[in-house]
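Please read the structure below before turning to the comments.
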Amino acid sequence: MYALEECQHHISSALRSLLKKHKVETEVRLEIPPQEMGDFAFPCFSLAPVMKQSPARIAEELASAFPKHDWIARIDAKAGYVNFFIDPTYLASITLQTVLERKETYGYLPEEKKKVIIEHTSANPNGPLHVGRARNPIIGDTLIRMFKAAGYTVESQFYLDDLGKQVAILAWGLHHIDPSELPKPSRQKADHQKVAFYQLANERMKSDDAIASQINDIVKLSEQGDQATIDMIHAAYQPVLQGIKESLARIHITLDTFIPESMFVRNESVDAVVRALKQTPYCHEEEGAFYLDMASFGIAGRNTKFFFVRNDGTTLYATRDIAYHQWKAHQADLLVNVLGEDHKLESRQVSIALELLKVTNLPQVVFYAFVSLPEGKMSTRKGRVVYLDDLIDECIERAYQEVKKRRAGELSESKMRDIAQLVGIGSLRYNIIKVQPEKDIQFKWEDALNFEGNAVPFIQYAHARACSILAKATQTHHQFDASLLTHPSETMLIKQLARLPLVIDSACSGCRPHAIANYLYETASAFNQFYRDCPVLAEEHAMRSASRLTLVYATKLVLWTALDLLGVTAPEEM
RNA sequence: GGGCCUGUAGCCUAGCCUGGAUUGGGCGGCAGUCUCCUAAGCUGCAGAUCGCGGGUUCGAAUCCCGCCAGGUCCGCCA
């Protein structure tokens, strides 16, 4: 058990037994009081009616009766609260000791022995990833890293839509459009080269019914499992998918498995889903097509009909999604999906259908709001997009300018390029992950490329400062005397380091990746204040200097570990 | 027409699930700070009817109801 957790447990159980003496059985929930008022607080207001005393009086009694313990330096009763002050020396000694023992796994939680599948990105492979969609892989990959740290076995999955209209349009375009008709692609990557075929094919389909029906034929044949058609589509999207993977790899994202939608048609599990759904009392027929009436499940709107079989007997995307999730439910203990908010209704409908099929392991879904441009929503079809690859380049280039501005002459060209790489990519990931997923984001270059304040360079810089001190130190053993680390800035920093396990736990259980970003910012900030107040190498008292050096080392490890949760790497100098 | 999400200083954002003590940060603005471990830092100042109106409560940014604004969805599309 980590330090703060142990301390919290100690306080709650001591409070519980104190209250038991007053014949009060209650759940003890501790709060974090405002600064300077303590480390944990217990509000007594709800006890007042039960104990027939004023909250202030109860707080005083609890405070004076509270047993002495190493954890607690001081207890205050104030305005109906019992405020507990952790003993900074005790906390420092336990926390630093734990960091030194655990090193890169400090903060990681015990092995849960549970498996979670996290599905993310799952973009149609018809063109390059754009910034609107970039939120998906970044949230997904961060969740993956968080769940691993929280002790889960994690598999990342990309659900590959290889049967849909989008890939059929792409395939048609590649076979019927003369490349000379198209504008020159901005990049050599396959995803950038092929997207123009998709865009033009999409336009033609809308104005020409013959083309529309040719594309529909492709969709139909592939859904029926026609091997030649499936192969043709596969050949069309495969290079695009490869391009998408390369883009993701640039921002440190790889996926474990790609599950093609066609798998569930081929193995006939979709047919089984259809048969089972038809058996349910919610199933109705309309002109040869079948739907579930979801009105009684809280689905409201113009139409509560959830169609799962067309009148020609073929299935729909959502039907296959049900088969996919039914299969997935048996592959792991926990399922997490990252989806755009436009999929909210469909996802709900799929879950209802799964419940009707007696599937109990339903996916937990993290929805994110769209990233729009000042001109409006991004759209591959309309060509109104900022591509992820372009944003990556721009971030790295801008980071390079910043490094050059500050360190030209001091660092070699290749070193500056390396730093720019880490800063640029880190900025991109951090800027997207630091905002809670359900909040709308309007993409503005000046915000995305702002490297000051609450941005990743601030954190990387703190890490680099720590590395710089460590590099200059002659001492190699990490020894410390916790009783010498009593400066307020030292105590603040140590408390911050002690929080990491709690942050991982709560961020993970609530699927709130932005909490990690916040924690990092606060930790870097605490380190910068320590840096200002507490000289390390220049400190004359040898043991104090050594202890501070150990604190610097611990901070470096924590910053590194937490940045890694976001898929961000920190340079040793910048 | 209906469902879901969002609304916190000029701009961006945390806190909302699980109500609690002066709503934390950042950008931008103003004023300081490098004979001292990298000033991508640090310090101070100014700036908020927590969208609006009710309700519950000893206590509401947080819970409930209504309204307003923005996003998103309501296809035998994916």
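Every value quoted in this text rests on a predicted model; they were computed, and no experiment measured them. Both backbone and side-chain heavy atoms feed into the values below; hydrogens, waters and symmetry mates do not. Sequence lines set the chain letters: A, B, ... in the order given, protein chains first and strands last, and positions in each chain run from 1.
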Legend entry - P-based separation of B/G47 from B/G1 [nearest Å]: 43 Å
Inset, instruction - Once you apply the 3.5 Å cut-off to both distances, tell me the Watson-Crick or G-U wobble partner of B/G66, or none. - result: B/C52
Inset, instruction - Check if the side chain of A/Asn83 and the base of B/A21 share a donor-acceptor pair of N or O atoms closer than 3.5 Å. - result: yes
Inset, instruction - Please examine the side chains of A/Thr555 and A/His463, heavy atoms only from C-beta on, and report whether any two atoms are closer than 4.5 Å. - result: no
Legend entry - Under-3.5 Å donor-acceptor pair between A/Arg302 side chain and B/G1 base: yes
Inset, instruction - For A/His514 and for A/Gly288, locate the closest nucleotide of RNA chain B by heavy-atom distance; then report the residue assigned to the nucleotide nearer the 5' terminus. - result: A/His514
Inset, instruction - Establish, with yes or no, whether the OP1 or OP2 oxygen of B/A14 is under 4.0 angstrom from a side-chain nitrogen or oxygen of A/Lys439. - result: yes
Legend entry - Exam field: side chain A/Ser122 to backbone A/Tyr159, donor-acceptor pair closer than 3.5 Å: yes
Legend entry - Proximity to the side chain of A/Phe370 - top-ranked nucleotide from B/U72, B/A14, B/A40: B/U72
Legend entry - Nearest-neighbour nucleotide for the A/Asn303 side chain, B/U22, B/C76, B/U43 considered: B/C76
Legend entry - Listed nucleotide nearest any side-chain atom of A/Arg320, set B/G15, B/A78, B/U43: B/A78
Inset, instruction - Rounded to whole angstrom, note down the P distance from B/C11 over to B/C16. - result: 24 Å
Legend entry - Spacing between A/Glu438 atom CD and B/C5 atom P, to the nearest angstrom: 10 Å
Legend entry - Between B/C58 and B/G2 - P atom distance, rounded Å: 35 Å
Legend entry - Rounded interatomic separation in angstrom, taking CG from A/Asp342 and C1' from B/G3: 15 Å
Inset, instruction - Determine the contact category for A/Gln460: base if any of its heavy atoms lies under 4.0 Å from a base atom, sugar-phosphate if only primed atoms, P, OP1 or OP2 are that close, otherwise nothing. - result: nothing
Inset, instruction - Please say which of A/His343, A/His325, A/Gln364 ends up in a side-chain hydrogen bond (donor to acceptor under 3.5 Å, both in side chains) with A/Asn337. - result: A/His325
Inset, instruction - Look at the side-chain N and O atoms of A/Arg465 and state whether any lies under 4.0 Å from the OP1 or OP2 oxygen of B/C42. - result: no
Legend entry - Nucleotide B/G75, atom C1' - distance to CG of A/Leu292 in whole Å: 16 Å
Legend entry - Separation between the P atoms of B/U62 and B/G15, rounded to whole Å: 15 Å
Inset, instruction - Quick one: label A/Phe458 by what it contacts on the DNA or RNA (base, sugar-phosphate, nothing), any heavy atom closer than 4.0 Å. - result: sugar-phosphate
Legend entry - Closest to the A/Val423 side chain, choosing from B/C76, B/A40, B/A14: B/A40
Legend entry - C1' spacing across the pair B/G28 / B/U13, given as an integer number of angstrom: 14 Å
Legend entry - Side-chain N,O (A/Lys444) to OP1/OP2 (B/C12) below 4.0 Å: no
Inset, instruction - Please state whether the phosphate of B/A78, meaning OP1 or OP2, lies under 4.0 angstrom from any side-chain nitrogen or oxygen of A/Arg310. - result: yes
Inset, instruction - Could you tell me the separation between the CG atom of A/Asp533 and the P atom of B/U33, rounded to a whole number of Å? - result: 18 Å
Legend entry - Between P of B/U62 and CD1 of A/Ile32, the distance in whole Å: 22 Å
Inset, instruction - Check every strand shown and say whether A/Ala464 touches a base, only sugar-phosphate, or nothing at a heavy-atom separation below 4.0 Å. - result: base
Inset, instruction - Side chain of A/Arg29 only, please: which of B/U18, B/G15, B/G3 is the nearest? - result: B/U18
Inset, instruction - Give one of base, sugar-phosphate or nothing for A/Lys377, where a contact means two heavy atoms less than 4.0 Å apart. - result: sugar-phosphate
Inset, instruction - Look at the side chain of A/Glu341 and decide which nucleotide, out of B/C16, B/U43, B/G71, has an atom nearest to it. - result: B/G71
Legend entry - Distance between P atoms of B/C36 and B/G26 (Å, rounded): 27 Å
Inset, instruction - Determine if the base of B/C34 is syn or anti; take syn to mean the glycosidic torsion is within 90° of 0. - result: syn
Inset, instruction - Take atom CE of A/Met37 and atom C1' of B/U22, then tell me their distance rounded to the nearest Å. - result: 8 Å
Legend entry - A/Asn124 side chain vs A/Asn126 backbone, donor-acceptor pair below 3.5 Å: no
Inset, instruction - Search all heavy atoms of A/Val265 against all heavy atoms of A/Leu163 and return the closest pair with its distance. - result: CG2-CD1, 3.5 Å
Inset, instruction - Report the residue (A/Ala369 or A/Asp312) whose heavy-atom-nearest nucleotide on RNA chain B is the more 5′ of the two. - result: A/Ala369
Legend entry - B/C65 versus B/G3 - spacing of their P atoms, nearest Å: 11 Å
Inset, instruction - Verify, without hydrogens or angle tests, whether A/Ser372 (side chain) and A/Lys377 (backbone) share a donor-acceptor contact under 3.5 angstrom. - result: no
Legend entry - Listed nucleotide nearest any side-chain atom of A/Phe45, set B/U38, B/G25, B/C58: B/C58
Legend entry - Gap between atoms CD1 and P, on A/Ile441 and B/C5 respectively (whole Å): 19 Å
Inset, instruction - Look through every strand shown and name the nucleotide pairing with B/C11 as Watson-Crick or G-U wobble, where both distances are under 3.5 Å. - result: B/G26
Inset, instruction - Measure the distance from OH on A/Tyr531 to C1' on B/C42 and round it to the nearest whole Å. - result: 11 Å
Legend entry - Shortest side-chain distance from A/Leu345, nucleotide among B/C73, B/U43, B/G15: B/C73
Inset, instruction - Go through B/G26, B/U72, B/A78 for me and flag the one nearest to the A/Glu261 side chain. - result: B/A78
Legend entry - Salt bridge present between A/Arg407 and A/Glu410 (N-O < 4.0 angstrom): yes
Inset, instruction - Consider the side chain of A/Lys472, meaning its heavy atoms from C-beta on, and name the nucleotide among B/U38, B/C73, B/A14 that approaches it most closely. - result: B/U38
Inset, instruction - To the nearest 0.5 Å, tell me how far A/Leu422 CG sits from A/Thr569 OG1. - result: 5.5 Å
Inset, instruction - Rounded to whole angstrom, note down the P distance from B/C67 over to B/G24. - result: 33 Å
